[in-house]
Amino acid sequence: MLDIKKIRQNPDLIKELLSLRNPHYAKILNELLEIDKQYREKLIEKESLEAERNMLSKLVGEKKSKGENTDSERESLNSIKEKLKAINGLEPILAEKQQEFLLELPNIPSSDTPYGKDENDNKFIMEWGTKPSFSFQPLEHNDLGNANQELDFERGVKLSKSRFTVIAGKLAKLERALINFMLDKATENGYQEYSLPVIVNSDSLYGTGNLPKFKDDLFKIEGEELYLIPTAEVPLTNLHRNEILKEEQLPLRMTAYTPCFRSEAGSAGKDTRGIIRQHQFNKIELVILCKEEEAIAEHERLTNNAESILQALELPYRKVQLCAGDLGFSASKCYDLEVWFPSQEKYREISSCSWFSDFQARRTQIRFKRTDESGKSKNEFVHTINGSGLAVGRTLAAIMENYQTEDGEIIIPKALRPYLKQSSLV
RNA sequence: GGAGAGGUGGCUGAGUGGCUGAAAGCGGCUUCCUGCUAAGAAGUUGUACGGACUUAAAUCUGUACCGAGGGUUCGAAUCCCUCCCUCUCCGCCA
């Protein structure tokens with residue numbers, strides 16, 4: 001959520017910056033400003049009536065204790081009450097509307113975010129690793145996994161429905177090894193590990209911006225205001241919702257492994273083969289809360305932490321910076337890490353590392369007390385940063401494809417060998 | 001799930017209709033004092049949203065907030081209703 005005060009002070013600048021994402025935001029902003037004006041008029045009217053009421057009520061109390069007559073005060077109080085009733089029918093509606101418009105506006109892109117409309121305008125940053133060259137036609141991971149039913153798509157459907165997969169045997173062990181490896185790596189990099197609820201309430205989802213706009217992407221528990229998490233970003237970020245942190249606690253670096261649940265509404269027909277796009281998948285998430293002046297460095301750090309996992313696994317990847325048009329709703333700057341899939345000869349997203357400035361923190365009300373040299377302190381919103389480190393299913397698939405041999409074996413990356421007792425999977 | 005008790009400021013804990021944004025204590029901060037690793041004295045001490053002033057900060061001022069939401073009343077932390085949460089006992093259970 002953007003700061004309404006900043007919008008009031010600088011409407012034209014904000015309009016211009018939001019138009020970098022999409023020109024239609026200018027219209028929403030105009031509507032917001034109009035509603036905001038009306039809202040404040042009503043608020044002033046309401047508060048001055050309340051002030052008058054409080055004053056007169058006090059007077060009634062005093063007079064009554066002295067046994068004096070209070071009829072005239074009562075009369076004006078009753079008329080104030082009527083007026084207040086009328087305003088109370090209107091003011092909260094305007095407040096709510098103002099809030100709604102505010103929630104519809106996305107974050108402002110950072111100054112170094114490239115211009116552009118969609119993913120084709122994203123900026124290439126770097127490429128790492130050597131793409132494997134095969135003397136044979138490399139198979140897709142689903143074919144590799146299907147061979148001995150270690151990726152069991154049919155039974156996944158039997159148990160649940162499409163886009164659910166059973167992972168069995170050695171691949172299941174490999175997945176577990178990946179989870180442990182990634183969590184250990186995160187801990188080494190200074191993140192505190194958490195084990196979290198994967199069902200959360202709607203307040204938490206409003207906080208991270210999944211509600212109200214992206215309701216269709218979520219699985220909801222029937223009959224309750226509870227949802228399955230689409231990512232551990234939700235519980236991790238909300239851990240400190242409505243809290244005022246101590247300045248010396250920051251930066252706060254947190255990590256968690258959780259299953260993630262996404263309804264994938266609107267992606268029918270996309271990535272139907274394999275385990276690239278599932279309703280349920282495992283992910284290690286990295287979240288940082290920090291001060292504004294630390295944010296750029298922490299964002300780079302988190303991205304490097306995610307990259308270090310790909311590097312340790314020796315998986316070729318590239319790093320791109322998203323352009324304004326492709327930027328997620330809440331993000332102000334974002335790097336995507338894309339891992340190489342030889343069967344498709346394509347890079348596919350495996351981690352998205354975003355800096356949200358104070359956009360999420362304003363929604364979630366995560367603040368810290370900043371004390372200046374003179375000893376005065378003020379509450380300030382933290383900056384939030386997060387990214388995957390990494391998506392486990394996609395990493396598993398990438399390892400299968402990049403490390404396959406002609407006779408259908410999968411070589412285990414060196415970094416994972418301490419976690420498994422073998423150096424290849426058949 | 002059943003029965004009972006309860007939810008007040010950073011913490012402990014008063015407060016059952018008006019002078020309570022909230023006593024008292026603790027803690028925190030500021031200043032003073034004592035020649036020493038601590039004691040004492042005084043002051044101060046929440047959040048949000050408006051308004052005035054201002055380039056801004058500071059300041060002044062209004063409103064709201066005593067688990068959440070609604071209601072009664074001229075006036076509610078205090079009365080009523082709904083919900084949520086915590087504790088104790090019972091039941092169930094990995």
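Reminder, nothing fancy here: chain letters follow the sequence lines and each chain counts from 1.
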- Which value, in whole Å, describes the distance between the C1' atoms of nucleotides rU61(B) and rU82(B)? 37 Å

- Item | Interatomic distance at C1', rG10(B) relative to rU63(B), whole Å | 25 Å

- Has Lys58(A) got a side-chain N or O lying under 4.0 Å from the OP1 or OP2 atom of rG18(B)? no

- Query: Between atom CG in Asp203(A) and atom C1' in rG69(B), what is the gap in whole Å?
  - Reply: 13 Å

- Task: Map Arg367(A) and Ser48(A) onto RNA chain B by nearest heavy atom, then report which one ends up closer to the 5' terminus.
- Result: Arg367(A)

- Query: Which of the following nucleotides, rC74(B), rG50(B), rA48(B), is nearest to the side chain of Arg74(A)?
  - Reply: rC74(B)

- Rounded to the Å, how far apart are Glu225(A) CD and rC84(B) P? 13 Å

- Message: Regarding Lys63(A), tell me which of base, sugar-phosphate or nothing describes its non-hydrogen contacts under 4.0 Å with the strands shown.
- Response: nothing

- Using distance alone, with no hydrogens and no angle criterion, decide if Tyr419(A) and Asp184(A) have a side-chain donor and acceptor under 3.5 Å apart. yes

- Message: Could you tell me the Watson-Crick or G-U partner of rG50(B), where both distances fall under 3.5 Å? Say none if there is no partner.
- Response: rU61(B)

- Task: Sticking with atom C1', work out how far rC26(B) lies from rG9(B), rounded to a whole angstrom.
- Result: 13 Å

- Message: Of the listed nucleotides (rU63(B), rC74(B), rU47(B)), which one gets closest to any side-chain atom of Glu47(A)?
- Response: rU63(B)

- Task: Quickly work out the Glu91(A) CD to rG51(B) P distance and round it to whole Å.
- Result: 13 Å

- Task: Taking only the side-chain heavy atoms of Arg40(A) (C-beta and beyond), determine which of rG51(B), rG62(B), rC74(B) contains the nearest atom.
- Result: rG51(B)

- Query: Could you state the CD1-C1' distance from Ile244(A) to rG9(B), rounded to the nearest angstrom?
  - Reply: 12 Å

- Task: To the nearest Å, give me how far apart CG (Asp71(A)) and P (rC74(B)) are.
- Result: 13 Å

- Query: Between Gln98(A) and Gly61(A), which is nearer to the 5' end of RNA chain B once each is assigned its nearest nucleotide?
  - Reply: Gly61(A)

- When the P atoms of rG70(B) and rC65(B) are considered, how many whole Å apart are they? 11 Å

- Name the nucleic acid region contacted by Lys64(A), choosing base, sugar-phosphate or nothing; use a 4.0 angstrom heavy-atom cut-off, strictly under. base

- Message: Using atom C1' in both nucleotides, what's the gap between rC36(B) and rU55(B) to the nearest angstrom?
- Response: 49 Å

- Write down the distance separating the C1' atoms in rU31(B) and rC87(B), rounded off to the nearest Å. 44 Å

- Task: Determine the contact category for Lys369(A): base if any of its heavy atoms lies under 4.0 Å from a base atom, sugar-phosphate if only primed atoms, P, OP1 or OP2 are that close, otherwise nothing.
- Result: sugar-phosphate

- Item | Inter-nucleotide P distance (rC80(B), rG1(B)), Å rounded | 25 Å

- Task: Identify which one of Asn242(A), Val234(A), Leu236(A) satisfies the side-chain contact (heavy atoms from CB on, under 4.5 Å) criterion when paired with Asn238(A).
- Result: Val234(A)

- Side-chain N or O of Asn54(A) closer than 4.0 Å to phosphate OP1/OP2 of rG75(B): no

- Message: Could you tell me the Watson-Crick or G-U partner of rA77(B), where both distances fall under 3.5 Å? Say none if there is no partner.
- Response: none

- Nearest-angstrom distance, P atom, rU30(B) to rG46(B): 15 Å

- Report the base-pairing partner of rU12(B) (Watson-Crick or G-U wobble, both distances below 3.5 angstrom), or none. rA24(B)

- For Thr113(A) and Ser332(A), indicate whether the former's side chain and the latter's backbone hold a donor-acceptor pair under 3.5 Å. yes

- Query: Watson-Crick or G-U wobble partner for rA56(B), using a 3.5 Å limit on both distances?
  - Reply: none

- Using Watson-Crick or G-U wobble geometry with both distances below 3.5 Å, tell me the partner of rA5(B), or none. rU86(B)

- Message: Tell me the interatomic distance from Leu84(A), atom CG, to rG75(B), atom C1', rounded to whole angstroms.
- Response: 13 Å

- Task: Mind calculating the distance between CG (Leu49(A)) and C1' (rG50(B)) to the nearest angstrom?
- Result: 14 Å

- When both distances are under 3.5 Å in a Watson-Crick or G-U wobble arrangement, the nucleotide paired with rC66(B) is none

- Among Met182(A), Glu175(A), Arg176(A), side-chain contact (heavy atoms from CB on, under 4.5 Å) partner for Asn282(A): Glu175(A)

- Query: With both distances under 3.5 Å as the test, what is the Watson-Crick or G-U wobble partner of rG91(B)?
  - Reply: none

- With sugar-phosphate meaning primed atoms plus P, OP1 and OP2, does Leu56(A) contact a base, only sugar-phosphate, or nothing at under 4.0 Å between heavy atoms? nothing

- Can you tell me the distance, in whole Å, between the CG atom of Asp3(A) and the C1' atom of rA48(B)? 13 Å

- Task: Return the nearest nucleotide to the side chain of Ser57(A); candidates are rG50(B), rA48(B), rG18(B).
- Result: rG18(B)

- Task: Just compare rA64(B), rU73(B), rU47(B) and give me whichever is closest to any side-chain atom of Arg53(A).
- Result: rA64(B)

- Task: Have a look at Leu159(A) and tell me which of Val166(A), Asp152(A), Thr165(A) forms a side-chain contact (heavy atoms from CB on, under 4.5 Å) with it.
- Result: Val166(A)

- Item | Complement of rU37(B), any strand, by Watson-Crick or G-U distances under 3.5 angstrom | none

- Glu50(A) near the nucleic acid: base, sugar-phosphate alone, or nothing, with a heavy-atom cut-off under 4.0 Å? sugar-phosphate

- Query: Would Tyr227(A) and Asn210(A) count as having a side-chain donor-acceptor pair, cut-off 3.5 Å?
  - Reply: no

- Message: I'd like to know if the side chain of Glu233(A) pairs up with that of Gln360(A) as donor and acceptor (distance under 3.5 Å, no hydrogens or angles considered).
- Response: yes

- Message: Side chain of Ala51(A) only, heavy atoms from C-beta on: which candidate in rU63(B), rC74(B), rG50(B) is closest?
- Response: rU63(B)

- Message: Side chains of Glu300(A) and Tyr335(A) only: does a donor on one sit below 3.5 Å from an acceptor on the other?
- Response: yes

